[in-house]
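Notes follow the structure.
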Amino acid sequence: TSDTSLGSGTADVPFSRGITGLTPATTYYFCAIGRNTYGTAFGTVLSFTTPAAAPVVSTSSATLLTGTTAQLNGAANPGGDATTGWFRYATASPGTCNDSFGTRAPASGGSSLGSGTTSVAFNQAITGLTPATTYYVCAIASNAVATSYGSVVSFTTPSAPTVTTVAPPRPRRPRG
C-alpha cells in the first residue's frame, strides 16, 4: 500500500516488505515492482508456501445424554496438515486438558479431520456412564506439527425417576 524509496542511483538496492494474515499451508505468489519517472518494471514471479500450523481445538457441550450414554462434541482447524481428533473424559476434573487423564474416546485412532484450514466438527458416542454423575471432557486434535487441546467442560448424566408404589385407599363403608 506504500512505496519504499530506493534512491536515485544506478546500483541494485535490496528491499523487503513484511506481510501478515497468511493462511497456513497455502502457496502465495509475488514479484517485486520498481517504478521511476521513466516507467515501471516487474521482477520474476516467485512463490512460497506457508508451513502447516498446529490444530486449533474447541470442546463443545455433550449432547444426547441418557443415564448411561452421551455424545461428546468438538471442533478443530487442522492448520493445513492431516489431523486426527479424539476426546478424554473422567469423573474428576484434570484442571486443564491433557492426553493422559481418564478414558480416551475412541480408545485408539480418532476422527479424521482432513488437512484444511477451516474448523471441522467431530463427535464420539460413549457408553457405560453412571446415572446422575458429573463428567469432565475435552477435545484433542493432533497433526505433524503438534497436539492441541480444547478446554475442559462438564456434563451430568440424568438420573432415572424415583417411583414409589402405594396401596390404593380402602373403600369407605356406606353409612346407613
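- Thr127 has its side chain out of reach of Thr68: every pair of non-hydrogen atoms, C-beta onward, lies at least 4.5 Å apart.
- With hydrogens and angles disregarded, no donor-acceptor distance shorter than 3.5 Å links the side chain of Ser115 to the backbone of Gly80.
- Ser151 approaches Cys138 most closely through the heavy-atom pair O-CB, 3.4 Å.
- For Thr118, there are no side chain to side chain donor-acceptor pair (under 3.5 Å) partners two or more places apart in sequence or in a different chain.
- Listed by chain and number, the hydrophobic cluster partners of Tyr149 are Trp86, Ile140, where partners are ILVMFWY side chains within reach of under 4.5 Å, directly or through others.
- By the ring-ring contact (aromatic ring centres under 6.0 Å, His included) test, Phe155 is found to be paired with Tyr135, residues two or more places apart in sequence or in another chain being considered.
- Remark: Thr44 engages no residue in a side chain to side chain donor-acceptor pair (under 3.5 Å) (not counting sequence neighbours).
- Grouped by direct or indirect side-chain proximity (heavy atoms under 4.5 Å, Ile/Leu/Val/Met/Phe/Trp/Tyr only), Val13 sits with Leu6, Phe15.
- Under the side-chain contact (heavy atoms from CB on, under 4.5 Å) criterion, Asn123 pairs with Gln71, Asn73, sequence neighbours left out.
- To the nearest 0.5 Å, the span separating CG on Asn77 from CG on Asn143 amounts to 9.5 Å.
- Atom CG of Asp12 is surrounded by 12 or fewer heavy atoms from other residues, nucleotides or ligands within 6.0 Å.
- By the side-chain contact (heavy atoms from CB on, under 4.5 Å) test, Ser154 pairs with Thr134, Tyr136, sequence neighbours left out.
- Hydrophobic cluster membership for Ile33: Phe42 (Ile, Leu, Val, Met, Phe, Trp, Tyr linked by side-chain heavy atoms under 4.5 Å, directly or transitively).
- For Thr37, there are no side-chain contact (heavy atoms from CB on, under 4.5 Å) partners, not counting sequence neighbours.
- The side chain to side chain donor-acceptor pair (under 3.5 Å) test applied to Thr66 returns Thr69, not counting sequence neighbours.
- A search for side-chain contact (heavy atoms from CB on, under 4.5 Å) contacts involving Thr26 returns Thr23, Tyr28, Thr50, not counting sequence neighbours.
- The closest donor-acceptor contact from the side chain of Thr83 to the backbone of Leu113 lies at 3.5 Å or more, if one exists at all.
- Contact record, Ser93 with Val152: OG-CG1, 4.4 Å, taken as the closest heavy-atom pair.
- In the hydrophobic clustering, where aliphatic and aromatic side chains (Ile, Leu, Val, Met, Phe, Trp, Tyr) are joined below 4.5 Å either directly or transitively, Leu64 stands alone.
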